[in-house]
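Down below is the structure, laid out as structure tokens.
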There are 2 protein chains.
Amino acid sequence: MKLAQPDLSPLDFFREYCRQHHLKVTPQRLAIYQELLKSPDHPSAEIIYERVKKSLPDISLDTVNRTLLTFARIGLIDTVEGYGEVRRFDPKTQRHHHFRCLSCGRIIDFEYEPYDALSIPESLQTTLTVLKKKVLLEGYCEQCRLKKHKVRP
Amino acid sequence: MKLAQPDLSPLDFFREYCRQHHLKVTPQRLAIYQELLKSPDHPSAEIIYERVKKSLPDISLDTVNRTLLTFARIGLIDTVEGYGEVRRFDPKTQRHHHFRCLSCGRIIDFEYEPYDALSIPESLQTTLTVLKKKVLLEGYCEQCRLKKHKVRP
DNA sequence: ATGTTTGCAAATAGTTTGCATCCAG
DNA sequence: CTGGATGCAAACTATTTGCAAACAT
């Protein structure tokens, strides 16, 4: 689904991506996308809204929200921890990892030695204190594998 | 902080764990913990509430919420994707991984070849379709490293 | 032209807070 | 006894939805 030509300007890439996904290129969408590109800090919809308002004072938070979800749905951007679902709890505090079904949201635990033994990148060691390592695999579970579901969120 | 003797019955372990963390062992907490142990499905507070109500009909959703957060805070249970924070977005769809500061919530991107090359456990291959692999490291960032912050959530 | 997108307002969902009462230690 | 825990209600925050007007194609 993703474009294979990264040799376009970010803007052309965006236009092309939208066209391929039958999305209209509106000033709002453009502004949001450009703001996102400038934002290395994984902003929330609210924060993007505040920033985009500087150039488009009349934009609404709803539009930002809808646009971001749309972008995520077509794979133009990613959502980071916090998949928009409710908080869920896990009584297993021993080391284990998760598989998450992109269709039904099911989370499956698994244990896998090699993942526990993962090394920490040198470059991080100097500035960060790493306490936990978690591997998250994503894809489709047995039930959803065949059905052509739409991806969450 | 975690107890080192897993050779207690789950119930005694719980009582002991609570005592060490100066938490009273109330019927509600007991019921919630026991329900959690029976729940391999990473339930939400709402779902736990529904289940626990069968044995404690007068329990409130607030108590379930507070109790789960308390349990998570003392490390008795874990919270799963969806850290209770707002949804955040990432314009980088190329492969990369995240470090998350347990204190300030900051998310730092990093790239690390070996993580991209991770093998998928055999046991999962037969039933699941794995599309993405993400490694999440957690700990304290440079700024928070020294300050003794309380852990989110 | 026309079907999508937007902005607004209202609804909803999930979570948190204040407070009086209750109970485990 | 007494401070922490609970239940209730209300507040709050984030997100979603319905709809008429506006706009991109």
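First the proteins, then the strands, lettered A, B, ... as listed; each starts at 1.
Axis angle across the helix from C:dA1-D:dT25 to C:dG25-D:dC1, with five pairs used at each end and values rounded to 10°: 50°.
Between A:K38 and A:E35, at least one side-chain N (NZ, or NE/NH1/NH2) sits under 4.0 Å from a carboxylate O, which counts as a salt bridge. The pair B:E111-B:R95 does not meet the salt-bridge criterion, since no charged nitrogen lies less than 4.0 angstrom from a carboxylate oxygen. Under 4.0 Å is where a charged nitrogen must lie from a carboxylate oxygen, and between B:R88 and A:D78 no such pair does. Between A:K92 and B:D41, no side-chain nitrogen of the basic residue sits less than 4.0 Å from a carboxylate oxygen of the acidic one, so the salt-bridge criterion is not met. Remark: B:D12 does not engage B:R19 in a salt bridge, criterion side-chain N to carboxylate O under 4.0 Å.
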Set out, line by line, the N/O atom pairs under 3.5 Å between protein and nucleotides 20-24 of chain D.
| residue | atom | partner | partner atom | Å |
| --- | --- | --- | --- | --- |
| D:dA24 | N3 | A:K24 | NZ | 3.4 |

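Between C:dT16 and A:R87, a contact under 4.0 Å exists linking OP1 or OP2 to a side-chain N or O. Applying the 4.0 Å criterion to OP1 and OP2 of D:dG7, one finds that B:Q28 has a side-chain N or O inside that range.
Between the side chains of A:T63 and A:S60, at least one donor-acceptor pair of N or O atoms lies under 3.5 Å. Neither side chain, A:R87 nor B:S44, offers a donor N or O lying under 3.5 Å from an acceptor on the other.
Between the C1' atom of D:dG4 and the CZ atom of B:R19 lies a distance of 17 Å, rounded to the nearest Å. The nearest whole Å value for the distance from the CZ atom in B:F71 to the P atom in D:dT6 is 9 Å. One atom, CZ of A:F89, and another, C1' of C:dT15, lie 10 Å apart when rounded to the nearest Å. If you take CG of B:L68 and P of D:dT6, they are 11 Å apart, rounded to a whole angstrom. Rounded to whole Å, the distance from NE2 on B:H21 to P on D:dA5 is 13 Å. Taking atom CG of A:L69 as the reference point, atom C1' of D:dT15 lies 9 Å away to the nearest angstrom.
A heavy atom lying under 4.0 Å from DNA chain C marks the following residues of residues 44-66 of chain A, by number: A:D58, A:I59, A:S60, A:D62, A:T63, A:R66.
B:I32 and B:L56 fall within the same hydrophobic cluster, where Ile, Leu, Val, Met, Phe, Trp and Tyr residues are linked whenever their side-chain heavy atoms come under 4.5 Å apart, directly or through other members.
A side-chain hydrogen bond (donor to acceptor under 3.5 Å, both in side chains) with B:D116 holds for exactly one of B:H96, B:H97, B:Q94, B:K133; it is B:H97.
Aromatic pair B:Y112/B:Y115: centroids less than 6.0 angstrom apart.
Using bins of under 30°, 30° to 60° and over 60° for the plane-to-plane angle, the ring pair A:Y17/A:H21 lands in the parallel bin.
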